[in-house]
Novice: 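Can you keep this structure in mind? I'll have questions shortly.
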Amino acid sequence: MNAALVRRAALDAVFKLDPRRMVKNPVMFVVEVGSAFTTALCITEPNFFTIAVAACLWFTVLFANFAEALAEGRGKAQAETLRKSRREVPAKKLRGPRRDAGFDEVPSVRLTLGDVVLVEAGDLVPGDGEVIDGVASVDESAVTGESAPVIRESGGDRSAVTGGTRVLSDWLVVRITARPGETFLDRMISMVEGAKRQKTPNEIALDILLAALTLVFLLVTVTLHPFTAYAGVAVPATILVALLVCLIPTTIGGLLSAIGIAGMDRMIQANVIAMSGRAVEAAGDVDVLLLDKTGTITLGNRQATELVPAPGVTTEELADAAQLSSLSDETPEGRSIVVLAKEKYGLRARNVQELSATFVPFTAQTRISGADLPGRQIRKGAADAVGKLVGELPADVRRVTEEVSKAGGTPLVVADGKRVLGVVKLKDVVKGGIKERFADLRRIGIRTVMITGDNPLTAAAIAAEAGVDDFLAEATPEQKLAMIRDYQARGHLVAMTGDGTNDAPALAQADVAVAMNSGTQAAKEAGNMVDLDSNPTKLLKVVEVGKQMLMTRGALTTFSIANDLAKYFAIIPMAFAGTYPALQALNVMGLHSAHTAVLAAVIFNALIIVALIPLALRGVKYRALPAPSLLRRNVLVFGLGGIVAPFPFIKALDSLLFALGVS
């Protein structure tokens, strides 16, 4: 671990002793009050035992603060790196919405919502915005860490740009969508700084439980003094304070904040920025995942693999028409058809200018593209869309489209005017290992739903091959939103990813919404997480990190409560044996004296926090197991381990103290 980070965390641990800050953690505040009380006793009644107990209690508080400061320190270090990438740059503020409107050069801090700026090759983008004109290659390594440039252009789902990134080629006209101090980079900096992290609902509930336990044990400890005094053998106040500190769940009280901060830190390490700890926690509780097919479940970029001509049509005629309809189609599917016609059927790509053709671009509404040539209207598209265009598909063509769909492919029908020429088979490949990951999610009770624009037959085939639990075919924004609301109405927590403006309503509705950094501003504002890598499969990692945080909190809570049992057997028999001799029978560890037993218990209480700091920051190992199995494992490993582990350590510390002359 970075030495500078440790030194800074050690210094912050001292500053965190401020009672105004400590009172927010009731458990550790009680320990601090106990530390101050025993320190006062050292002044009025100086002796080795009281001084040693006071020192151990202060170390307990400092180690707990150190754990929190260390977790915060990692976030602050990342925030500092981000600050270095944020700089004031000159902006070319346009006088109108067009590139040729002329511009005034102003500092980026003076830009506000709605301003339009020109960003040319070599310029830094002065602020967050939407591309309204132009297309350019942009270096986003300052934000994402990825060295490969990306394309940003107007009018699509790749129109958002982030302040501080650099345009490498061409130019962009950008409309500013964030005020100074409210940019994506500014929000990232505030989110990764652990000191500004808000507590999650589960963490607040656990805080309340720990505070209640602390109050109960405080009342118990306070009442013990008059009882023992009445019996004629009053127990010293130092021992009562040590008993209180060992009774209350100091281990989890000291590590709780560190666990939450570390959970957000692990998200950042995965290049995912969570808007709050609530989003991370919700990720651990989700039981329904909505996953886009393309790029998440499949590799995307469907490839043309075969041409099937209609009766009476030659393969060469179909290949020629399919190629002509795809010459201006810049989608991976369109390019693959041109390549297939050239490599498999020997057709060379034609010169677009020489054809005197008017090309018809593909749209989501028509689901058809093509080319108009002198005397010909060639169209290529979805089977039902082409069927409506030509009147009715021949029976043989319908049969082929159904067979392709059932096999998990995508059929495209090619027509020349009203004449159907045949079918182009497109194949979408399911990612390797994705089926096994879905099986793991099913084992832990998470339902997976594939979202796709494909027809139901194609969607069903891909869903079966990938092993998802359900699918939504020919999905529209309204259908996505309705599905999320339906699951939520049945008590489920839903997670999804998205990058387009049309995904924004569903992202806003989902409990965990991961927006792609390459997507539109609307999508990023609707989500509660942003994936800087723009990798749709990151949703699976997000769920794993969320569950790991919950598992870590549960495991350490179990261990904290369980290991208190050994402290009871250490302190209570030795401290109260003078008043109630029968308690000596509970001295199962054979401890030497009240002083050695109490010191051994409080030293162990401080050291166990130190020992568990790495686990709190790293998290317990994620295991794809059902909740009952995880509970049994936690009880066995951390519950039973928490009971058994302290006994030999306390006994060893007691023997060491006795050997050093403590009595």
Side-chain angles (χ1 to χ4, degrees), residues 287-306 308 331-333 336 362 364-365 367-368 380-388 392-413 422-443 445-487 490 492 494-498 502-503 506 536-537 539-540:
D287 52 5
V288 176
L289 295 184
L290 301 188
L291 303 160
D292 275 332
K293 183 201 74 173
T294 305
T296 305
I297 295 173
T298 65
L299 293 174
N301 298 349
R302 295 172 296 177
Q303 301 294 305
T305 58
E306 187 181 354
V308 182
T331 65
E333 294 87 347
S336 74
F362 174 87
Q365 288 73 30
R367 293 184 294 151
I368 288 177
K380 171 200 70 186
D384 58 339
V386 175
K388 291 177 182 178
E392 185 179 1
L393 296 179
D396 288 341
V397 173
R398 284 202 309 272
R399 177 179 52 78
V400 172
T401 61
E402 290 173 1
E403 289 174 355
V404 173
S405 297
K406 288 178 181 177
T410 300
L412 295 180
V413 177
V423 177
V424 180
K425 289 185 180 180
L426 297 179
K427 179 65 177 174
D428 208 352
V429 181
V430 173
K431 288 185 175 180
I434 199 76
K435 189 170 186 177
E436 291 72 20
R437 293 192 74 176
F438 289 155
D440 289 341
L441 292 172
R442 193 175 298 109
R443 276 196 293 273
I446 295 179
R447 182 178 180 82
T448 51
V449 182
M450 182 182 78
I451 306 295
T452 177
D454 289 339
N455 64 69
L457 285 175
T458 302
I462 295 291
E465 186 179 352
V468 295
D469 298 305
D470 198 2
F471 65 90
L472 177 64
E474 298 178 344
T476 64
E478 293 79 11
Q479 289 173 324
K480 294 179 187 179
L481 183 60
M483 175 175 274
I484 292 173
R485 286 175 174 170
D486 180 57
Y487 274 116
R490 287 183 274 158
H492 296 284
V494 182
M496 74 164 289
T497 61
N502 62 342
D503 291 323
T537 58
L539 182 59
L540 303 177

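Model, not experiment: these values are computed from the prediction. Values below: all heavy atoms of this structure, side chains included; hydrogens, waters and symmetry mates excluded.
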Novice: Are side-chain heavy atoms of Leu291 and Phe471 found at a separation under 4.5 Å?
Specialist: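 Side-chain contact under 4.5 Å: no.
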Novice: Specify the closest pair of heavy atoms between Thr448 and Gly467, including all atoms of both residues, with the distance to one decimal.
Specialist: OG1-O, 4.5 Å
Novice: Just so I know, are the side chains of Leu472 and Gln479 near enough to count as touching, which here means a heavy-atom distance under 4.5 Å?
Specialist: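 Yes - at least one pair of side-chain heavy atoms lies under 4.5 Å apart.
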Novice: Looking at Glu403 and Arg399, is any side-chain nitrogen of the basic one under 4.0 Å from a carboxylate oxygen of the acidic one?
Specialist: yes
Novice: Are any non-hydrogen side-chain atoms of Val404 and Thr410 less than 4.5 angstrom apart?
Specialist: no
Novice: Using every non-hydrogen atom in the two residues, find where Ala383 and Thr401 come nearest and quote the distance to one decimal.
Specialist: CB-CG2, 4.1 Å
Novice: Give a yes or no on whether a salt bridge exists between Glu465 and Lys435, defined as a side-chain N under 4.0 angstrom from a carboxylate O.
Specialist: no
Novice: Looking at Arg490 and Asp486, is any side-chain nitrogen of the basic one under 4.0 Å from a carboxylate oxygen of the acidic one?
Specialist: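 Looking at Arg490 together with Asp486, the answer is yes, because their closest N to O distance falls below 4.0 Å.
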Novice: Got a salt bridge between Arg447 and Asp287, using NZ or NE/NH1/NH2 to carboxylate O under 4.0 Å?
Specialist: no
Novice: Indicate the atoms forming the closest heavy-atom contact of Thr452 with Ala459, along with that distance.
Specialist: CG2-CB, 3.6 Å
Novice: So Val468 and Val449, do their side chains get closer than 4.5 Å, heavy atoms only?
Specialist: no
Novice: Can you name the closest pair of heavy atoms from Val386 and Lys380 and give their distance?
Specialist: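 Minimum heavy-atom contact is CG2-C, 4.4 Å.
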Novice: Give a yes or no answer on whether the side chain of Ser336 reaches the backbone of Ala304 with a donor-acceptor pair at less than 3.5 Å.
Specialist: yes
Novice: Run the side chain to side chain contact (heavy atoms under 4.5 Å, CB included) check on Met496 and Leu289 step by step: do they pass?
Specialist: CA-CA 6 Å; Met496 74 164 289; Leu289 295 184; over 6 Å; no
Novice: Please test Leu540 against Ile434 for side chain to side chain contact (heavy atoms under 4.5 Å, CB included), starting from the C-alpha separation and ending with a verdict.
Specialist: CA-CA 10 Å; Leu540 303 177; Ile434 199 76; 4.1 Å; yes
Novice: Is there a side-chain contact between Lys425 and Val308 in this structure, where contact means two heavy atoms from C-beta onward sitting under 4.5 Å apart?
Specialist: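 Touching, per the 4.5 Å side-chain cut-off.
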Novice: Hey, does Leu412 have a side-chain heavy atom less than 4.5 Å from the side chain of Leu426?
Specialist: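 Counting from C-beta outward, Leu426 and Leu412 do come under 4.5 Å.
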Novice: Provide the closest heavy-atom pair for Ala506 versus Ile484 in the form atom of the first, atom of the second, distance.
Specialist: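 What the structure gives for the nearest pair is O-CD1, 3.4 Å.
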Novice: Under 4.5 Å between any side-chain heavy atoms of Glu474 and Pro456, yes or no?
Specialist: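 Answer yes - side chains close enough.
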Novice: Side-chain contact test, heavy atoms from C-beta onward, threshold under 4.5 Å: evaluate it for Asp470 versus Met450 and give yes or no.
Specialist: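 Contact flag for Asp470/Met450 side chains = no.
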